[in-house]
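Here the structure is laid out as structure tokens; the discussion comes afterwards.
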There are 2 protein chains.
Amino acid sequence: MTHQRKLLVAIIQAADGHLDALSLWQRAQEQDPTLNKVTVYRTLGLLKRYGLVDELDLMHLEGGKHYYEAKAQRDHIHLACTHCGRIQEFESLLFEKLKGQIERDRRFRIQVVRVEAGGLCEQCQSSVTSGR
Amino acid sequence: MTHQRKLLVAIIQAADGHLDALSLWQRAQEQDPTLNKVTVYRTLGLLKRYGLVDELDLMHLEGGKHYYEAKAQRDHIHLACTHCGRIQEFESLLFEKLKGQIERDRRFRIQVVRVEAGGLCEQCQSSVTSGR
DNA sequence: TTACGTGCAAAAAATTTGCAGTTTC
DNA sequence: GAAACTGCAAATTTTTTGCACGTAA
């Protein structure tokens with residue numbers, strides 16, 4: 001446990017979620033300007049392998065980068081608005097059931113699941129249809 | 001409708017799915033060696049915007065590239081085995097219900113959904129536990 | 001013909017690797 | 001003290017952009 005890792009983990013935990021590697025690095029630099037971007041990538045890889053963070057794409061609304069968030073108690077779905085870019089999270093019992101179904105029907109032992117939807121959020125539906 | 005686009009679309013349709021940009025380009029080159037990789041990216045972008053292909057990550061089992069497949073009648077889930085790399089597809093009524101729930105509960109108009117799970121397929125569970 | 005698409009070259013963005021030196025336990 | 005981790009520099013991989021020319025409708 002190096003102080004670099006402690007710092008990165010603390011930032012990820014504290015963040016409301018959805019940090020990409022670059023933002024994580026920038027925030028880390030405020031505390032430790034010597035911390036290298038490579039260390040960010042290596043640490044993220046590690047946390048991912050240990051299942052401590054989830055990697056997201058958020059439908060690649062802007063470029064091909066990845067987003068990271070601390071693994072929550074309960075899995076949730078990400079809804080990305082293709083119009084305003086807002087990301088909402090959604091928990092659902094049906095989602096839990098779906099995971100159960102996959103594990104049973106296919107005898108597939110799930111380690112990580114990712115559900116992402118792209119579409120129009122409530123606000124943007126009205127603004128798009130009204131031409132606003 | 002240029003002949004380059006026709007060719008690329010034909011390859012995507014014919015493929016069993018899960019082509020990355022590079023493979024698509026390589027296959028296209030067999031038919032038309034002058035077809036440029038840039039055209040592949042531009043065409044994929046277009047097809048994606050029109051909702052004719054889905055973009056997948058397949059849990060980034062190998063690098064950060066993206067995979068593409070022709071949009072099917074019915075959405076399906078991708079299961080990626082972290083041990084052998086095999087990809088299975090899974091259709092489920094529960095998944096359809098989950099989409100309905102999202103649209104109703106959040107009044108979110110879904111344009112694309114992606115469900116990907118990483119874990120161990122049936123075969124790999126036994127080989128891993130037995131040390132094979 | 002005219003708007004749109006393509007190839008080429010080059011750039012940008014995102015991520016990975018090799019290696020030597022430095023920490024952590 | 002040994003194994004693991006870091007920074008630096010450089011390389012890879014994946015994708016995007018500018019621009020002049022070519023092509024489909």
Side-chain angles (χ1 to χ4, degrees), chain A residues 1-12 18-50 52-69 80 82 85 114 116 118, chain B residues 1-12 15 18-50 52-69 80 82 85 112 114 116 118:
Chain A
M1 238 323 158
T2 61
H3 77 93
Q4 288 94 331
R5 285 194 188 166
K6 277 183 199 146
L7 174 55
L8 291 172
V9 169
I11 294 172
I12 295 171
H18 314 157
L19 281 172
D20 61 42
L22 189 64
S23 318
L24 175 55
W25 178 61
Q26 286 165 343
R27 294 202 193 181
Q29 285 229 311
E30 293 167 14
Q31 313 264 86
D32 174 359
T34 72
L35 195 150
N36 197 280
K37 214 187 293 189
V38 175
T39 301
V40 171
Y41 280 107
R42 287 199 271 231
T43 303
L44 283 173
L46 195 80
L47 295 173
K48 213 177 2 166
R49 273 200 304 289
Y50 282 92
L52 300 173
V53 302
D54 277 331
E55 186 180 54
L56 309 168
D57 278 24
L58 303 181
M59 300 316 279
H60 292 303
L61 258 39
E62 36 176 347
K65 65 186 153 201
H66 295 119
Y67 299 86
Y68 301 88
E69 66 178 16
T82 51
R114 197 156 94 186
E116 301 187 354
Chain B
M1 236 323 159
T2 61
H3 76 92
Q4 288 93 331
R5 284 193 189 167
K6 278 182 200 146
L7 175 55
L8 291 172
V9 169
I11 294 172
I12 295 170
H18 315 157
L19 280 173
D20 62 43
L22 188 63
S23 317
L24 175 55
W25 179 61
Q26 286 165 341
R27 295 203 192 181
Q29 285 230 311
E30 293 167 14
Q31 313 264 77
D32 175 357
T34 72
L35 195 150
N36 198 281
K37 214 186 293 190
V38 175
T39 301
V40 172
Y41 280 107
R42 288 198 270 231
T43 303
L44 283 174
L46 195 79
L47 295 173
K48 212 177 6 167
R49 276 200 303 288
Y50 281 91
L52 300 174
V53 302
D54 277 331
E55 186 180 54
L56 310 168
D57 279 23
L58 302 182
M59 302 314 282
H60 292 304
L61 258 38
E62 37 175 345
K65 65 187 154 200
H66 295 120
Y67 299 86
Y68 301 88
E69 67 178 16
T82 51
V112 263
R114 195 157 94 188
E116 301 187 354

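Letters go in sequence order (proteins before strands), and every chain restarts at 1.
- Bracketed by its first and final contacts, the part of DNA chain C lying under 4.0 Å from non-hydrogen atoms of chain A reaches from C/dA14 to C/dC25 in 5' to 3' order.
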Per-nt protein contacts along nucleotides 20-25 of chain D (heavy atom under 4.0 Å; B base, S backbone sugar-phosphate only, - none) come out as ----SS

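- Atom OH of A/Tyr50 and atom P of D/dA4 are 10 Å apart (whole Å).
- Under a 4.0 Å N-O distance rule, the pair A/Asp57/A/Lys65 does not qualify as a salt bridge.
- Regarding B/Gln26, its CD atom lies at a distance of 14 Å from the C1' atom of D/dT13, rounded to whole Å.
- At whole-Å resolution of the value, NE2 in B/His66 and P in D/dT14 are 11 Å apart.
- Rounded to whole Å, atom P of D/dG18 lies 11 Å from atom CZ of B/Arg42.
- In this structure, NE2 of B/His60 is placed 17 Å from P of D/dT13, rounded to the nearest angstrom.
- One interatomic measurement links the two molecules: CG of B/Asp20 to P of D/dT13, which rounds to 13 Å at whole-angstrom precision.
- OP1 or OP2 of D/dC5 lies within a sub-4.0 Å distance of a side-chain N or O belonging to A/Arg5.
- Following rounding to the nearest Å, A/Leu61 (CG) and D/dT15 (P) show an atom-to-atom distance of 16 Å.
- A/His66 has its side chain within reach of B/His60: a pair of non-hydrogen atoms, C-beta onward, lies under 4.5 Å apart.
- Using a 4.5 Å heavy-atom threshold, the side chains of A/Leu7 and A/His3 count as separate.
- Side chain of B/Trp25 to main chain of B/Leu35: a donor-acceptor pair is present (N/O by atom type, distance under 3.5 Å, no hydrogens or angles).
- Contact between the side-chain N/O atoms of B/Tyr41 and the OP1/OP2 oxygens of D/dT16 is not found at any separation under 4.0 Å.
- Between A/Asp32 and B/Lys48, it is A/Asp32 whose nearest contact on DNA chain D lies nearer the 5' terminus.
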Worked verdict on B/Val40 versus B/Leu44 for side-chain contact (heavy atoms from CB on, under 4.5 Å) = CA-CA 6 Å; B/Val40 172; B/Leu44 283 174; 4.0 Å; yes

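- Rounded to a whole Å, the CD atom of B/Glu55 is 8 Å from the P atom of D/dT15.
- The residue among A/Asn36 and B/Lys37 whose nearest nucleotide of DNA chain D is located toward the 5' end is A/Asn36.
- Between B/Gly64 and B/Thr34, the residue whose closest nucleotide on DNA chain C is further toward the 5' end is B/Thr34.
- Across all strands, A/Leu22 comes closer than 4.0 Å to no nucleic acid atom at all (heavy-atom distances).
- Under the 3.5 Å distance criterion, with hydrogens and angles disregarded, no donor-acceptor pair is assigned to the side chains of B/Thr39 and B/Asn36.
- Annotation: side chain of B/Glu69 is not in contact with side chain of B/Val53 (no heavy-atom distance under 4.5 Å).
- Counting only heavy atoms from C-beta outward, the side chains of A/Met59 and A/Thr82 never approach each other to under 4.5 Å.
- Here the straight-line distance linking atom CG of A/Leu19 with atom OH of A/Tyr68 works out to 11.0 Å at 0.5 Å rounding.
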